[in-house]
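Heads up, the thing below is written out as C-alpha cells.
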Amino acid sequence: MRSDEAKKGYIRAPNRSLLRALGITDTEMDRPFIGIANSFNTIVPGHLHLQILAQRVREGIAAGGGTPFEFNTIGICDGIAMGHIGMRYSLPSRENIADSVELMAQAHQFDGLVCLCTCDKIVPGMLMAAARINIPAIVLTGGNMLPGWRHGCEISLTDVFEGVGKVAAGTMSEQELVGLEKDAMPGCGSCQGLYTANTMACMTEAMGMSLPGCATVPAVDAEKNRLAYETGMRSVQLVTGNICPRSIITGAGIRNAIRVDMALGGSTNTVLHLMAIAQEAGVPFSLDEFDQIGQTVPHIASMQPGGPHSMQALHRAGGIPAVFQSIRSEIEDVMTISGIKTHAIADAVRYIDTTVIRPVHDPVHTAGGLRILYGSLAPGGSVVKCSAVQESMWQHTGPARVYSGEKEAMDAILSDSVREGDVMVIRYEGPSGGPGMPEMLSPTSALMGRGYSRVALVTDGRFSGGTRGPCIGHVTPEAAAGGPIGLVQEGDSIRIDLYAKTIDLLVDAHELQARKDAFKPERKALSGVLARYAAMVGQADKGAILQGMSMRSDLV
C-alpha cells in the first residue's frame, strides 16, 4: 500500500506516533488509508449538507475495511459571486482545488480518495486532481436542490436573475422580486436546473467516476445517504483492485460524458472542464470531438433553463442510466468505477418517463444541445448552448454593440440602450483578460427579463449554465491575446449561423489587418491570485488550464 511509505518500519515510528495522536488503533494502522476530500462550507448551499454525507462515507470506508481521513477544500458559489469582482475568482478556484487535493493526497500518501463535492468548479477540480495523481478514487456529488415554488409554479435561481430585468423593465415590482427571491431556493443542494453544477455531476456519472444514479438524486433524499455509504465501501475495493482514475477517464469515458451532455443540453462550461480533465488524464481531445458527437446524438430532454424540467424531474424519469438506455447505440461499452459496464447499467433500467427523457425518434432537437462555432470572429472556436436558443435566432446578422467588460454591458441593458437586432460584444473577459473568464448570467438574464427576443450576446468570457438565449461564449483567441474579438468596432456587422456553425465579423480583410496592426490589448492592474493566474492561464479552447508546467504527477 502507498500509505506504508508513511507508516511501516521502525524508521516511521515518529510518523506513527503522530497518527496515534488521532486515536488510531493498531488494526486501523494496518488498513488502507482513504482520504475524503470534502468541499463542505457554510456559504455555498450545495455544500451545506456535505458533513452529513461525509459521516456516511466514513462509515462505509470503515465497514469496507479502510481507515478514513477527512480534509477540506475551498468552494465558491458562482451565484453569490456573480455580477461583481468575485466572479473573477471562480475559475481560478478550480486550479486551487485540484492543487489542494494533490497536496493532501501526496503529502500523506493516501491509498485511495473519495471526492465529496458539489457545484461548478469544485467537481471538475477534484476530477482533475484524481486524474493527475492517479490513485484509486471515486466521486460522490452532493445532489441537487429541490425546486422552489411560487403561485402554483416551480421556480429556480434563473427566475430571480431574470426578475432583475423585469424590475428594470417595469413589469415586476421590487416587492414581488423580494418574494421571488425568498421562494426560489428552498434548501441545500446545487441549483435546480441543468446548470453547470448539475451538468458536471451528470458528466461525472456518465464518464464512470461515480456510482450509477448518483448525479440526479436530490441532496435531501435518503438515497443520497445510501450512495455515500456505498461510495465509501467501494473506495476500499478500488484500492484492493488497484483501479485508478485513468483506467476510467479514457477517451471512451469522456466521449460518453459528451454524449450525455448533448442528449441533455447541458452547460457550455462542460466544454472547458472536460478539456481540462482530459489533459490531466493524458487523453488527447479537441473541440472538434464535441462537434462530431453533437451531430450524432439528439437532444432528448428539455431541461431548465431552456426547458421546463428540473433535476428532480430528470431523477424521477430514470436519471443518467435512463439516458444511457435511450442513446444506448451511441454509448461506448466501457467499465465504470462501480465495476459495472455502461451497457449493463443501461440494460438494468426498467422505467423511463418519456415525457422528460424523450425517445430518440421524437427528440427535442435532432442534433445535440451544444455546438462549436468557428469563423473570422472566433478562429479558435466558440461555444453555444443551442438547446436554449429559439430557432428564430439560429441565423442572425446584426450591428455590433461593443463593451469592454460585463459591467458596461449590464449598464447598457438596464438603461435601455440596447435595441432588438443588436449583437452585444463583451470582451476582455477571457481567461487572461478577465481575468478568470467570468460568467455573464446577469446580463443574459437581464435581457430575458426585459423581454428582448432578438439580441445576441458574444463574449470571450463564459456563461452560466443558467443562461438561455443566443449567447456565444469562449470566443478564442480572447481579446487580451490579440483575438479578432478585440478588433470589433461599434456598428460592425456580425453574422451568426448555428446551422452552419459559424460566427463571422463582416469586415473587409484589409481593414481588419489595419486594425490588427494598430491594436494594443487593454491591460488591467492586477495583484495576488489574479495576477498569477492571468500570467499563467491558457486559452479556452484548451480548457483554460495553467501553462508553463506539467501538472500530471507522473510527468514531474
Side-chain angles (χ1 to χ4, degrees), residues 115 117-118 120 123-124 126-128 130-131 137-144 190 194-217 227 231 245-278 281 283 285 289-290 292-294 296-301 303 311 314-315 317-349 352 356-357 360 368-370 387 465:
C115 297
C117 46
T118 311
D120 303 43
V123 175
M126 289 201 184
L127 282 167
M128 289 166 66
I138 186 170
V139 179
L140 174 68
T141 49
N144 51 85
S190 49
L194 194 64
Y195 313 145
T196 305
N198 287 321
T199 304
M200 283 311 304
C202 292
M203 297 304 92
T204 303
E205 183 179 336
M207 75 172 66
M209 282 298 292
S210 58
L211 295 180
C214 182
T216 60
V217 176
L227 281 165
T231 295
R246 288 185 212 155
S247 66
I248 305 296
I249 307 175
T250 61
I254 293 175
R255 286 191 295 272
N256 281 343
I258 296 171
R259 291 177 179 114
V260 170
D261 198 8
M262 293 296 178
L264 295 176
S267 166
T268 53
N269 283 319
T270 56
V271 176
L272 203 67
H273 297 322
L274 289 176
M275 294 286 289
I277 293 164
V283 177
F285 232 77
E289 299 214 38
F290 290 86
Q292 292 163 9
I293 291 171
T296 62
V297 178
H299 174 215
I300 58 174
M303 301 294 296
M311 287 299 294
L314 180 62
H315 173 60
I320 301 307
V323 177
F324 272 175
Q325 188 181 100
S326 298
I327 58 171
R328 188 181 187 280
S329 62
E330 297 291 338
I331 293 294
E332 296 179 62
D333 191 23
V334 293
M335 188 59 68
T336 71
I337 211 75
S338 66
I340 307 171
K341 297 182 79 172
T342 48
H343 282 185
I345 292 171
D347 294 341
V349 174
I352 300 176
V356 178
I357 303 172
V360 293
L370 298 178
S387 62

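Sequential numbering from 1 along the given sequence is applied to the chain's residues. Just so you know, these numbers use all the heavy atoms, side chains as well, and skip hydrogens, waters and symmetry mates.
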Q.
I need the Met207 CE to Ile258 CD1 distance, nearest 0.5 Å.
A. 9.0 Å

Q) Going through the distances and angles, do Leu264 and Thr199 end up as a side chain to side chain contact (heavy atoms under 4.5 Å, CB included)? A) CA-CA 9 Å; Leu264 295 176; Thr199 304; over 6 Å; no

Q: Give a yes-or-no answer on whether the side chains of Ser190 and Asn144 include a donor-acceptor pair shorter than 3.5 Å.
A: no

Q: Working to the nearest 0.5 Å, report the span between OG1 of Thr204 and CD1 of Ile337.
A: 11.5 Å

**Q.** Side chain to side chain, Met335 and Ser247, heavy atoms closer than 4.5 Å
**A.** no

Q: Could you check if a side-chain atom of Glu330 sits within less than 4.5 angstrom of a side-chain atom of Thr296, using non-hydrogen atoms only?
A: yes

**Q.** Worked check of side chain to side chain contact (heavy atoms under 4.5 Å, CB included) between Val297 and Val260
**A.** CA-CA 8 Å; Val297 178; Val260 170; over 6 Å; no

Q. What is the minimum heavy-atom distance between Ala276 and Met128, and which atoms define it?
A. CB-SD, 4.0 Å

**Q.** Validation row: Asp347, Arg328 side chains within 4.5 angstrom (heavy atoms)
**A.** yes

(Q) Taking the side chain as everything from C-beta on, heavy atoms only, tell me whether Leu314 gets closer than 4.5 Å to Met303. (A) yes

Q: Could you check Val139, Ile277, Asn269, Thr118 and say which one makes a side-chain contact (heavy atoms from CB on, under 4.5 Å) with Met200?
A: Ile277

Q | Close side-chain approach of Thr336 and Met209, heavy atoms under 4.5 Å | A | no

Q: I would like to know whether Asp261 and Thr270 meet side-chain hydrogen bond (donor to acceptor under 3.5 Å, both in side chains); could you show each step before the answer?
A: CA-CA 8 Å; Asp261 198 8; Thr270 56; 2.4 Å; yes

Q: Might you point out which heavy atoms bring His343 and Asp333 nearest each other, and give the distance in Å?
A: N-OD1, 3.1 Å

**Q.** Separation between OG1 of Thr216 and NE2 of His315, rounded to the nearest 0.5 Å
**A.** 5.5 Å

Q: Start with the C-alpha gap between Leu227 and Ser210, add the side-chain angles, then the distance that decides, and say whether side chain to side chain contact (heavy atoms under 4.5 Å, CB included) holds.
A: CA-CA 10 Å; Leu227 281 165; Ser210 58; over 6 Å; no

Q: Find the distance between CG (Leu127) and SG (Cys117) and round it off to the nearest 0.5 Å.
A: 6.5 Å

(Q) Within this structure, what is the CZ-CD1 distance for the pair Arg255 and Ile293, rounded to the nearest 0.5 Å? (A) 7.0 Å

Q) Taking C-beta and beyond as the side chain, do Asn256 and Arg259 meet within less than 4.5 Å on heavy atoms? A) yes

**Q.** Test item: Ile138 and Leu211 side chains (from C-beta on) under 4.5 Å apart, heavy atoms
**A.** yes

Q. For the residue pair Ala257 and Ala206, what are the closest heavy atoms and their distance?
A. CA-CB, 3.7 Å

Q | Leu370 and Met262: CA distance, side-chain angles, deciding distance, side chain to side chain contact (heavy atoms under 4.5 Å, CB included) verdict | A | CA-CA 6 Å; Leu370 298 178; Met262 293 296 178; 3.9 Å; yes

Q: Compare every heavy atom of Cys115 with every heavy atom of Met126, then report the nearest pair and how far apart it is.
A: SD-CB, 3.5 Å

**Q.** Ile254 side chain reached by Phe285 side chain, heavy atoms, under 4.5 Å
**A.** yes

Q. Just how far is it from atom OG1 of Thr342 to atom CZ of Phe324, taken to the nearest 0.5 Å?
A. 6.0 Å

Q: Verify whether one side chain among Ser267 and Thr196 offers a donor that lies under 3.5 Å from an acceptor in the other.
A: yes

(Q) Quick check: closest heavy atoms across Ala215 and Thr141, and the distance to 0.1 Å? (A) CA-OG1, 4.1 Å

Q) Which heavy-atom pair separates Ile357 from Ser326 by the least distance, and what is that distance? A) CG2-OG, 3.5 Å

